[in-house]
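Since the structure comes first, as structure tokens, the remarks are kept for the end.
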Amino acid sequence: METGKYIINDYLDELSSKAAVPGGGGVAALSAALGASLASMVCSLTIGKEKYKEYEAEVIEIKQQALELQESFLKFADDDAHAFLPLSKAYSMPRKTDEEKAARSQVMQQALIAAAEVPFNLIKTCTATIEMYEALLTKGSTLAISDVAVGAEMIITAASSALLNVYINTKLFADKQSAAEMNQTAEGLVKEIKERLGNVIEQVKIKVKGS
């Protein structure tokens, strides 16, 4: 599947059906893509404005980064779908004999590792948005300040959701040390994302809520 080519209603229809993909992993990646798109929008509303002229070069760079991240996040949505299919096939492999059980286990472990790496890498990529949003908090157009917070919320949602998809795969790893290490690293990254982007969101709340 190519998530970027879906008409939104078609995507939602497919998502709400009993089809194997898209699922939660794809939605997590799409959430991140939406967050990156909002960052790009804030940049577009800032570039060319005399009030923000001193920041223009930096904001142009942020916009380019946001667009690149948007494409990366959409690719993660497709990668998630591609990683799930081998895993679903592994579950249906025969396991009557010891040989069949061994073959199934080997295929299953390879598929689980591949399936876990997609959300794990999505989380790592989400960290690339942190400085971008921190910069837009003060250098983006105040007319779009609420969109900075909404975009940050989408990134937090994406990372938190991706962590669940890491867990669902690592819990079945035969190599428990590798599972624990991946979980620990992912948790640390998500914690940083939540703390730093959460701070961005709180600062936006102060600005938009007023007294």
Side-chain angles (χ1 to χ4, degrees), residues 1-6 10-37 65 67-130 154-194:
M1 62 181 294
E2 291 186 62
T3 306
K5 293 186 177 180
Y6 265 90
D10 292 340
Y11 182 85
L12 294 176
D13 286 344
E14 191 76 5
L15 180 63
S16 62
S17 74
K18 61 181 180 180
V21 292
V27 169
L30 184 57
S31 297
L34 291 171
S37 296
Q65 180 188 11
L67 290 173
E68 290 172 359
L69 285 168
Q70 175 185 311
E71 290 301 313
S72 295
F73 289 136
L74 279 178
K75 186 177 183 301
F76 277 119
D78 295 339
D79 289 346
D80 179 79
H82 295 152
F84 179 77
L85 293 177
L87 185 58
S88 64
K89 290 180 180 178
Y91 276 111
S92 62
M93 288 177 66
R95 47 180 168 170
K96 292 182 179 180
T97 67
D98 289 342
E99 290 78 9
E100 287 177 343
K101 290 177 181 178
R104 179 180 183 272
S105 177
Q106 182 178 4
V107 173
M108 178 77 73
Q109 289 303 311
Q110 292 173 343
L112 285 167
I113 291 170
E117 285 177 345
V118 176
F120 180 75
N121 289 327
L122 171 59
I123 292 169
K124 289 200 293 186
T125 306
C126 282
T127 64
T129 69
I130 295 175
M154 297 304 292
I155 298 298
I156 291 174
T157 296
S160 299
S161 301
L163 182 58
L164 295 174
N165 287 302
V166 170
Y167 288 155
I168 198 68
N169 291 294
T170 56
K171 76 170 186 175
L172 296 176
F173 278 17
D175 186 341
K176 297 306 179 185
Q177 182 176 344
S178 293
E181 289 174 354
M182 180 175 280
N183 287 347
Q184 185 176 18
T185 302
E187 288 164 355
L189 293 173
V190 172
K191 181 180 179 182
E192 181 185 10
I193 291 167
K194 286 183 174 180

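Position 1 is the first residue of the sequence; numbering continues from there.
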More than 12 heavy atoms of other residues, nucleotides or ligands under 6.0 Å from CZ of Arg95: yes or no?
no

Rounded to the nearest 0.5 Å, how far apart are OG of Ser178 and CG of Asn183?
10.5 Å

Here the gap from Leu163 atom CG to Ile193 atom CD1, rounded to the nearest 0.5 Å, amounts to 9.5 Å

Donor-acceptor pair, side chain of Gln65 and main chain of Ala128, under 3.5 angstrom:
yes

Between atom OG of Ser161 and atom CD1 of Ile156, what is the distance when rounded to the nearest 0.5 Å?
11.0 Å

Can you confirm whether Asn169 sits close enough to Phe120 that some side-chain heavy atom of one is under 4.5 Å from a side-chain heavy atom of the other?
no

Give a yes or no on this: more than 12 heavy atoms of other residues, nucleotides or ligands lie within 6.0 Å of atom NZ of Lys176.
yes

Rounded to the nearest 0.5 Å, what separates atom NZ in Lys171 from atom CG in Leu112?
10.5 Å

Are any of the side-chain heavy atoms of Pro22 and Val27 separated by less than 4.5 Å?
no

So, for Ser37 and Gln70, which heavy atoms are closest and what is the spacing to 0.1 Å?
OG-OE1, 2.8 Å

Test item: Gln110 and Gln106 side chains (from C-beta on) under 4.5 Å apart, heavy atoms
yes

How many angstroms lie between atom CG of Leu122 and atom OG1 of Thr127, to the nearest 0.5 angstrom?
10.0 Å

Rounded distance [0.5 Å steps], OG1 in Thr125 versus CG in Leu189
10.0 Å

Do Thr185 side-chain atoms and Met182 backbone N/O form a donor-acceptor pair below 3.5 Å?
no

Phe73 and Ser31, any side-chain heavy atoms less than 4.5 Å apart
no

What heavy-atom pair brings Phe173 and Ala116 nearest, and what distance separates the two atoms?
CZ-CB, 3.8 Å

Look only at the side chain of Glu100 and the backbone of Lys96, and say whether a donor-acceptor pair between them is shorter than 3.5 Å.
yes

On a heavy-atom basis, the closest approach of Val190 and Ser160 is CG1-OG, 4.2 Å

A side-chain contact here means heavy atoms from C-beta on lying under 4.5 Å apart; do Glu71 and Leu67 qualify?
no

